[in-house]
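Data block below; observations after.
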Amino acid sequence: MSDCLFCKIVKGEIPSFKVYEDAQTLAILDIAPVNKGHTLVIPKQHCVSIVDAPEELLLPTMKTIKKVSIALAQYAEGVNITENVNKAGGQLVSHIHFHIIPRYLQDGLQLWPSRGGYDKEEALATLAAIRKLLKE
């Protein structure tokens, strides 16, 4: 896609700090890192998110995520791996990319603050709605 930021990075039109690259994927340092070493893994083929990504694109992407995560888990004390989908999910660039965020025991980062639990009826209704969508 000609106006996609990550497609331009993949083509070398925009500079980046490359962590890793192979024929199908690119891993770069995030320009606004949550912690030092925060890396993005990007498939070179354009698609918007995991929701519309063909499965044959996801396998090499997951292999790169694993490779980079192993290195970052040694660089830091742990990692978080995320992919944001759509604006409500926090996606800022409409090209599938996964964040690998190095973590430290005392970094103070809280990615998912709890909003509390379910009561039984709410849990059952939520399960029913999700399972219905999975069957469609």
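Just so you know, residue 1 is the first one in the sequence shown, and it goes up from there.
In the hydrophobic clustering of this structure, F17 groups with V19; members are Ile, Leu, Val, Met, Phe, Trp, Tyr whose side-chain heavy atoms approach within less than 4.5 Å, directly or through other members. Both L72 and Y104 are part of a single hydrophobic cluster, where members link through side-chain heavy atoms under 4.5 Å apart. The hydrophobic cluster containing Y75 also contains I81, counting ILVMFWY residues as joined when their side-chain heavy atoms lie under 4.5 angstrom apart, directly or transitively. In the hydrophobic cluster analysis, where Ile, Leu, Val, Met, Phe, Trp and Tyr join through side-chain heavy atoms closer than 4.5 angstrom, I70 is grouped apart from I100. Grouping the Ile, Leu, Val, Met, Phe, Trp and Tyr side chains by contacts below 4.5 angstrom, directly or via other members, places I96 apart from L5.
The shortest side-chain heavy-atom distance between K11 and K8 does not fall under the 4.5 Å cut-off. Contact check for Y20 versus V41: no side-chain heavy atoms found under the 4.5 Å cut-off. Within the 4.5 Å cutoff, the side chain of Q24 has no heavy atoms near those of the P43 side chain. Using a 4.5 Å cut-off on side-chain heavy atoms (C-beta onward), I101 and V79 make no contact. Residues F6 and I14 fail the side-chain proximity criterion, which asks for heavy atoms closer than 4.5 Å. Side-chain contact between L26 and I28: present, with at least one pair of heavy atoms (C-beta onward) separated by less than 4.5 Å. Looking only at side-chain heavy atoms (C-beta outward), T82 and F98 stay at 4.5 Å or farther from each other. In this structure, the side chains of T39 and D30 stay at 4.5 Å or more apart for every pair of heavy atoms.
For CD1 of I31, the number of neighbouring non-hydrogen atoms (other residues, nucleotides, ligands) closer than 6.0 Å is 12 at most. Around CG of L92, the count of heavy atoms belonging to other residues, nucleotides or ligands within 6.0 Å does not exceed 12.
Atom CG of L124 sits about 8.5 Å away from atom CZ of R131, to the nearest 0.5 Å. Within the model, atoms OG of S16 and CD of E21 stand 8.0 Å from one another, a figure rounded to the nearest 0.5 Å. Distance check: L40 CG to H95 NE2 gives 10.5 Å after rounding to the nearest 0.5 Å.
Taking H99 as the reference, H38, H97 meet the ring pair (Phe, Tyr, Trp, His ring centres under 6.0 Å) condition, with sequence neighbours excluded. Residues meeting the side-chain hydrogen bond (donor to acceptor under 3.5 Å, both in side chains) test with T61, sequence neighbours left out: none.
Side chain of K44 to main chain of D22: a donor-acceptor pair is present (N/O by atom type, distance under 3.5 Å, no hydrogens or angles).
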Result block: side-chain N/O donor-acceptor pairs under 3.5 angstrom for residues 51-60, not counting sequence neighbours:
residue : atom : partner : partner atom : Å
D52     : OD1  : V48     : N            : 3.3
D52     : OD1  : S49     : N            : 2.8
D52     : OD2  : V48     : N            : 3.3

**OP:** Evaluate side chain to side chain contact (heavy atoms under 4.5 Å, CB included) for D107 paired with N35, printing each intermediate quantity in order.
**Re:** CA-CA 8 Å; D107 65 12; N35 276 334; 3.0 Å; yes

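In terms of heavy-atom proximity, E83 sits nearest to I50 at OE1-CG2, 3.0 Å.
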